[in-house]
4 protein chains.
Amino acid sequence: MARRTPPDRRDSILSAAREIFAANGFAGARMEDVAKRVGISKATLYLQFADKQALFRELIDWLIETSLPDAFPLTLADASASERLAIFAQEAAGKLADDDVAFLPRLVIGESGNFPELAKAWHDVAVSRVLTLIEGLVQQGIDRGEFRAVDPYLAARSVAGPLVLGVLWNTIFAPVGAEPMSLAALARSHVDILLHGLLQGETA
Amino acid sequence: MARRTPPDRRDSILSAAREIFAANGFAGARMEDVAKRVGISKATLYLQFADKQALFRELIDWLIETSLPDAFPLTLADASASERLAIFAQEAAGKLADDDVAFLPRLVIGESGNFPELAKAWHDVAVSRVLTLIEGLVQQGIDRGEFRAVDPYLAARSVAGPLVLGVLWNTIFAPVGAEPMSLAALARSHVDILLHGLLQGETA
Amino acid sequence: MARRTPPDRRDSILSAAREIFAANGFAGARMEDVAKRVGISKATLYLQFADKQALFRELIDWLIETSLPDAFPLTLADASASERLAIFAQEAAGKLADDDVAFLPRLVIGESGNFPELAKAWHDVAVSRVLTLIEGLVQQGIDRGEFRAVDPYLAARSVAGPLVLGVLWNTIFAPVGAEPMSLAALARSHVDILLHGLLQGETA
Amino acid sequence: MARRTPPDRRDSILSAAREIFAANGFAGARMEDVAKRVGISKATLYLQFADKQALFRELIDWLIETSLPDAFPLTLADASASERLAIFAQEAAGKLADDDVAFLPRLVIGESGNFPELAKAWHDVAVSRVLTLIEGLVQQGIDRGEFRAVDPYLAARSVAGPLVLGVLWNTIFAPVGAEPMSLAALARSHVDILLHGLLQGETA
DNA sequence: CATGAATGAGACTTCATTCAT
DNA sequence: TATGAATGAAGTCTCATTCAT
């Protein structure tokens with residue numbers, strides 16, 4: 001059941017590493033704990049990963065690959081910008097609610113001081129991409145006369161910000177007693193506010 | 001509270017500790033580096049702080065005390081809810097742009113796994129407070145008939161989210177090559193969108 | 001002595017082991033490197049040799065057997081002692097110039113602390129034999145009235161020493177930039193000096 | 001008796017290291033054993049030496065410095081070349097008989113594969129110097145018409161070789177049962193042979 | 001008070017050796 | 001016979017923490 005399956009073995013190690021690193025950070029994590037969680041010996045770990053840093057780096061890469069790649073191909077739709085924004089937000093909320101993804105931000109944020117490259121990779125591969133996608137969405141809305149002529153760059157941050165906050169909330173504060181937040185509800189409310197504004201008179 | 005040693009000494013240690021912990025996280029920080037940065041010996045460090053955890057905990061307390069306490073007493077104003085929201089956002093952006101504050105999120109996020117109490121303290125003392133303040137602000141707007149009847153809890157997240165994103169952006173991504181973000185500009189744009197919405201026709 | 005595996009296999013392992021051990025010493029050599037050089041797996045190595053020490057010991061035996069056995073059968077000649085000394089020196093220089101032999105001294109010298117038996121084997125099988133042979137040669141010269149009545153034991157060291165120095169020189173110093181030494185030239189010069197002395201007037 | 005004496009401490013470590021490295025070679029030596037022999041903890045070792053290699057390198061340097069520097073200033077004498085050669089050989093034999101010096105060759109020879117720099121240092125600082133000194137001595141003898149016109153470079157090897165052999169003999173073979181060799185006796189015999197030659201008739 | 005010196009405990013990493021296939 | 005995979009044991013190195021001065 002566990003002899004000759006290099007790919008499985010590798011994934012199971014990465015999976016265990018995710019938990020250990022997520023719980024303790026890079027410096028605080030112990031290789032022995034990772035091994036123990038996989039049910040192998042430390043030495044076997046080193047058969048697959050050159051050292052602790054390699055394991056950590058490949059873990060992050062794996063997480064980024066695993067979680068973001070096929071993200072949001074929905075952009076295609078020829079619905080209205082409003083609808084597409086709403087759909088995007090729902091999809092994003094759904095993805096970010098996945099625990100396998102949610103702790104990546106914490107990990108990368110926490111270790112960005114020690115591993116700047118990881119921050120860069122996460123930025124390039126995931127964050128920047130998503131923000132650019134949102135920018136495009138906003139820009140499209142403006143071009144179609146559907147949205148006001150706001151700054152797409154900043155607007156994209158307005159769109160994404162609350163979701164980031166929500167993810168971190170659930171990752172950081174929920175474990176210490178705060179009420180977990182429904183990303184879906186947050187997304188719905190946020191899109192509503194974004195589109196229609198807070199002001200009373202403004203809504204037709 | 002500090003005995004014979006001038007409080008200066010204590011503060012200079014905490015200040016040094018801030019830099020070291022911010023740069024390396026708790027586990028990655030070395031007591032010797034803290035001592036070296038202050039210009040004292042490791043042993044002297046232990047004269048002031050029982051151990052590494054004590055230093056870290058007192059650091060966090062000190063940071064929260066130092067940075068958050070006088071936060072946003074502005075709530076007083078009896079201007080319109082819109083105006084007060086705008087003012088709040090500007091003030092918040094200003095405070096969060098301060099480097100002495102900006103790295104705190106990263107630190108807490110990174111160490112929340114090992115130090116749940118930090119997450120809790122930060123939540124209780126800082127985050128929760130500010131969000132509650134925003135909720136009150138929104139609620140007031142609704143009560144006055146100025147804002148639509150949105151969910152104040154979620155709306156508060158809509159307000160704060162982009163600022164959080166902005167701070168993290170400048171903390172995490174700017175150091176690895178991303179263009180730093182102007183929190184003031186972000187706040188301005190965000191409040192505009194929040195109040196008036198993105199939709200074209202909606203603005204009077 | 002080797003079963004199904006052709007002796008070639010055994011020899012090729014020993015040959016690879018020679019290079020690895022010669023380059024790194026016993027403790028520094030890795031079984032994996034030996035296996036890799038042969039092109040087999042570590043496990044297969046253990047099919048032929050019980051463990052690392054066994055491999056090393058058999059290697060030394062093999063080297064001694066391989067290199068020394070047929071050494072200097074020339075002693076027979078019934079030429080003059082001078083001639084025989086000269087011939088011996090030339091032959092020895094020739095043999096010692098062979099790289100397959102030259103590194104043996106270094107190996108044994110380096111590991112004599114950890115493997116006293118090696119030192120003993122080398123002494124018994126090789127060094128002692130050669131020195132005894134030289135002693136006999138000198139003694140013969142004395143007996144025939146050809147040589148002065150020197151101490152044959154010490155004289156044998158006088159004969160052999162420079163060749164040893166030469167071998168070590170080429171093994172130790174030449175690789176780090178020193179000019180390699182011609183053992184043949186050294187032997188020729190040395191025999192000349194040994195026979196005729198350095199002093200001017202002494203030569204007829 | 002052992003608190004605040006950095007230089008003593010350092011020397012006592014090097015002295016212990018000498019024994020451990022001499023007995024086991026670089027790879028075979030354990031830092032813990034060195035520490036144990038000094039009577040300190042492993043960590044204290046690392047207070048003085050960055051790592052195992054640093055300890056080893058500094059040990060070799062220390063040995064070379066300690067043993068060779070003031071070597072053979074005797075060159076001054078204005079005695080005959082023969083006398084000076086004899087004196088040199090006696091002095092050299094005396095120095096080389098010192099156990100603190102005698103194992104250096106073994107150590108460097110054994111590790112020359114892993115630490116080429118050591119071989120180079122030993123060559124440059126010790127071996128090359130002594131050989132050059134002998135060359136000068138021979139050349140002087142030739143210039144004065146006292147010696148025959150031999151090749152000084154090769155003659156120097158003829159002079160030094162047996163002493164090297166003797167040292168290695170006592171280092172390598174004596175510990176495994178061979179009769180130790182008197183370097184003084186060897187030197188005396190060797191100089192006699194070198195000067196007067198082996199041949200009977202040649203001596204006036 | 002201040003500190004240089006010392007160390008115990010622990011973490012990473014390596015490698016000879018074994019075993020199921 | 002051959003080997004890929006696995007690991008126990010060991011060794012290097014680090015660092016929070018203590019203590020004598």
Side-chain angles (χ1 to χ4, degrees), chain A residues 2-6 9-10 24 26-35 38-55, chain B residues 3-6 9 26-35 38-56, chain C residues 2-6 9 26-35 38-56, chain D residues 2-6 9 24 26-35 38-55:
Chain A
R3 273 299 125 71
R4 203 84 47 87
T5 36
R9 166 56 47 90
R10 191 187 157 78
N24 308 286
F26 176 79
R30 283 157 49 217
M31 292 298 267
E32 174 144 32
D33 289 344
V34 176
V38 189
I40 59 177
S41 72
K42 260 183 300 175
T44 304
L45 218 51
Y46 282 89
L47 241 42
Q48 303 276 339
F49 300 92
D51 56 20
K52 195 183 179 184
Q53 289 214 0
L55 174 57
Chain B
R3 277 298 128 70
R4 316 227 177 143
T5 308
R9 161 60 54 85
F26 178 79
R30 284 158 50 213
M31 292 297 268
E32 171 141 36
D33 287 345
V34 176
V38 188
I40 60 177
S41 73
K42 263 187 296 178
T44 304
L45 210 54
Y46 280 86
L47 249 37
Q48 303 278 332
F49 299 90
D51 56 21
K52 195 183 179 183
Q53 289 214 0
L55 173 58
F56 188 61
Chain C
R3 276 299 126 72
R4 317 231 178 139
T5 307
R9 161 62 53 87
F26 178 79
R30 283 156 50 212
M31 291 298 267
E32 173 141 33
D33 287 345
V34 176
V38 188
I40 60 177
S41 72
K42 261 188 297 178
T44 304
L45 209 53
Y46 279 87
L47 249 38
Q48 302 279 332
F49 299 91
D51 57 20
K52 195 183 181 185
Q53 289 213 1
L55 174 58
F56 188 61
Chain D
R3 274 298 124 72
R4 202 84 47 85
T5 35
R9 166 56 47 89
N24 307 287
F26 177 79
R30 284 156 49 216
M31 292 299 267
E32 174 143 34
D33 289 345
V34 175
V38 188
I40 60 177
S41 72
K42 257 186 301 176
T44 304
L45 218 51
Y46 283 89
L47 241 42
Q48 304 276 337
F49 300 91
D51 56 18
K52 196 183 177 184
Q53 288 213 1
L55 173 57

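Letters A, B, ... mirror the listed sequences (proteins, then strands); counts begin at 1.
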Worksheet entry | Euclidean distance, atom CG of residue A/D33 to atom C1' of E/dG10 [Å, nearest integer] | 12 Å
Worksheet item: Does a side-chain N or O from C/T44 land closer than 4.0 Å to OP1 or OP2 of F/dT3, or not?
Response: yes
Response to the item:
Closest non-hydrogen atoms of A/R10 and A/F49, given as atom of the first, atom of the second and distance, are NH1-CE2, 3.5 Å
Worksheet item: Hey, what do you get for CG (C/D51) to CE (C/M31), rounding to the nearest 0.5 Å?
Response: 7.0 Å
Worksheet entry | 5' precedence on DNA chain E between C/G28 and D/L47 (nearest-nucleotide basis) | D/L47
Worksheet item: Rounded to whole angstroms, how far apart are NZ on B/K42 and P on E/dA5?
Response: 12 Å
Worksheet item: Of the non-hydrogen atoms in C/F26 and C/K52, which two are nearest, and what is the gap between them?
Response: O-NZ, 2.9 Å
Worksheet item: OG1 of B/T44 to NZ of B/K42: how many Å apart, nearest 0.5 Å?
Response: 11.5 Å
Fill in: Interatomic distance, D/N24 atom CG to D/D33 atom CG [nearest 0.5 angstrom]
7.0 Å
Worksheet item: Stepwise, does the side-chain contact (heavy atoms from CB on, under 4.5 Å) test hold for A/R9 with A/L47?
Response: CA-CA 11 Å; A/R9 166 56 47 90; A/L47 241 42; over 6 Å; no
Item to complete: Using atom CD of A/E32 as one end and atom P of F/dT7 as the other, report the distance to the nearest whole Å.
Response: 12 Å
Item to complete: With DNA chain E as reference, determine whether D/S41 or A/A27 sits nearer its 5' end, using the nearest nucleotide of each.
Response: D/S41
Worksheet, complete the sentence: Picking from E/dT17, F/dC13, E/dC12, the nucleotide nearest the side-chain atoms of C/Y46 would be E/dT17
Item to complete: Round to a whole Å and report the spacing from CD of D/Q48 to C1' of E/dA6.
Response: 11 Å
Response to the item:
Residues D/A54 and D/A50: closest non-hydrogen pair is CB-N, 4.0 Å
Worksheet item: How many Å lie between CZ on C/F26 and C1' on E/dC15, as a whole number?
Response: 12 Å
Worksheet item: Given E/dA6, is OP1 or OP2 found less than 4.0 Å from the side-chain N or O atoms of D/R9?
Response: yes
Practice prompt. Provide, to the nearest angstrom, the distance between the CZ atom belonging to C/F49 and the C1' atom belonging to E/dA16.
Written response: 16 Å
Discussion item. Please pick, from F/dA16, E/dT17, F/dC13, the nucleotide with the shortest atom-to-atom distance to any side-chain atom of D/K52.
Written reply: F/dC13
Fill in: Whole angstrom value for the distance that separates C1' of E/dG10 from CE of A/M31
15 Å
Discussion item. Categorize A/A29 for me: base, sugar-phosphate, or nothing, with a 4.0 angstrom heavy-atom threshold over every strand shown.
Written reply: sugar-phosphate
Discussion item. Output the rounded distance in Å from CG (D/L45) to P (E/dT7).
Written reply: 10 Å
Worksheet, complete the sentence: With both pairing distances under 3.5 angstrom for Watson-Crick or G-U wobble, and | for a partner in another strand, the correct string for DNA chain E is .||||||||||||||||||||
